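The structure's right below; bear with me while I get my questions together.
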2 protein chains.
Amino acid sequence: MPAGPFQPFAHLHPVAPPVATDTRENVLLAAGEVFAHRGFKDATIREICERADANIAAVSYHFGDKAGLYAAVLEYAYAIASQRAPIEAFFAHANTPEQKLRAMVEMMFTRIVDQGRPSWHGVLMAREMVEPTSALDHVVTQSIAPMWKRMTDIVHAFLGPHASEAEITAAGNSIVGQILHYKHARPIIVRMQHGQAYSSEQIDYWARHVADFSVAGLHALRAAIDQRSTPTHDSGAFS
Amino acid sequence: MPAGPFQPFAHLHPVAPPVATDTRENVLLAAGEVFAHRGFKDATIREICERADANIAAVSYHFGDKAGLYAAVLEYAYAIASQRAPIEAFFAHANTPEQKLRAMVEMMFTRIVDQGRPSWHGVLMAREMVEPTSALDHVVTQSIAPMWKRMTDIVHAFLGPHASEAEITAAGNSIVGQILHYKHARPIIVRMQHGQAYSSEQIDYWARHVADFSVAGLHALRAAIDQRSTPTHDSGAFS
DNA sequence: AGACTATTCAAACACTCGTTTGAAACACAC
DNA sequence: GTGTGTTTCAAACGAGTGTTTGAATAGTCT
């Protein structure tokens, strides 16, 4: 067994973050792409190391495991995602619930569906929801749960204080589901809905549509809730 | 190479459908479960044959290939799905567009999210949309395209004659996305939204919610379309 | 019964995967 | 330079995969 220096320089330079050998970071970057593209199980260490110009054994040496590499990638992706496109930036000028909802939709489209930048963090999260790995616990507490909290808070503000928990989660699922559909069903969308699918303009259009569609759904749900919780006394009147 | 009798009894009894040896049908049934549960790639023919009490070589003998088995399963699932829960039954008493939409949502929930019966056809279709196999072409022309046509027809009826194609497909995606979310994100939904998730009552509730939510979204979109295509002439008025 | 085909079976083959190995190459203090 | 610890490398290992093989069994018609 190798000496296993999984935390290199741990006892020196307590300042600098991981610091990362060249190959270590190369493997991390390549692994991010491959994991995001193929998923944990279908990704092969050989492809990752080939893209990183590294030897197969590099994974075992630097990360111990395939699972260890995956965990490191998640950490790395989380770090650069929150650094490069911080969540708060999307909500900077969002004051009303509707503005917050639109910011939320835009952010999720940017992080999950858009693909240009090295932003595989959203993609990995989306994958983790569909086919969880052993890293799910960590992903949930670090990323998914806070995001879901933010979403349900917005929905709650829309639906008012009388909304039940079931209504809030159902509405949240409706919004998230619309967005994730463009990621999950991408192959079939590209195939059946011709036109230059997944261009930036197209994604912008979809994001606006999902926001509009959801706002209408939320307003209708709010109306039903209000009518239920404060029934009109002149019950004979039309709607 | 074996004699390869892929169409057994082809020259005899031109009447009876495949007739199917015991083991052939057993393998077909077991393969349906395993493919639906694990997906094409992660399903192993060893597990399939074990569940079917058949020898490993049975797949090669009866279906030629793992891909051949998968294609046969799709055909088989399509046949029993359209026999057991025929689509038209859902639309029997649906006359208005809204009733048709509700029937559509209910049907998709029943076929894809519900899990009781041997109804892996919907599950396999949903899988094929996310990670297509070589059978995608066939699945699209046989199942997905007709279903999508039905959906867009309903949406078109909702949105009126002035709706653009982009608006129709986006609205269709919003509806389908909401439904499929309950299938794809099932692990995370079960985990985060406690309570007895995926009970029959829960699924009914979700189906009703998705229909309500979508109807509201469609009405709002319709209003925007009508306002755009027949602009009010007293343009000075407040909206 | 006999001849012939269809079907089943245990075993093996070829391949890919993640992981390990032991030696070589490197870095750097002394 | 020598010595020590870190990092890379080609090669192999062991487990799991789909597929094939060739013999054994079951079935069916004459």
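None of these values were measured; they are calculated from a predicted model.
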In the structure I gave you, are the side-chain heavy atoms of Ile188(B) and Val140(A) within less than 4.5 Å of one another anywhere?
yes

Considering non-hydrogen atoms only, spot the tightest contact between Ala126(A) and His184(A) and give its length.
O-NE2, 3.9 Å

Can you tell me if the side-chain N/O atoms of His62(A) get under 4.0 Å from OP1 or OP2 in dT8(D)?
yes

Does dT19(D) have its OP1 or OP2 closer than 4.0 Å to a side-chain nitrogen or oxygen of Ser60(B)?
no

Taking atom CD as the centre, does Glu165(B) end up with more than 12 heavy-atom neighbours from other residues, nucleotides or ligands that are less than 6.0 angstrom away?
no

Measure CG/Asp65(B) against C1'/dG18(D) and give the value in whole Å, please.
9 Å

Within residues 38-58 of chain B, those residues having any heavy atom closer than 4.0 Å to DNA chain D are Ala43(B), Thr44(B), Ile45(B), Arg46(B), Ile56(B), Ala57(B)

Residue pairs involving residues 124-140 of chain B (criterion salt bridge (Lys or Arg N to Asp or Glu O under 4.0 Å); sequence neighbours excluded)
Arg191(A)-Asp137(B), Arg127(B)-Glu131(B)

Mind calculating the distance between CG (Asp22(B)) and C1' (dG27(D)) to the nearest angstrom?
14 Å

If I take atom CZ in residue Arg24(A) and atom C1' in nucleotide dT7(D), what distance separates them, rounded to the nearest angstrom?
13 Å

How long is the line joining OH of Tyr61(B) and P of dT8(C), in whole Å?
7 Å

Are there over 12 heavy-atom neighbours, none belonging to Glu50(B), within less than 6.0 Å of that residue's CD?
no

With under 30° as parallel and over 60° as perpendicular, where do the rings of Tyr198(B) and Trp206(B) fit, or are they tilted in between?
perpendicular

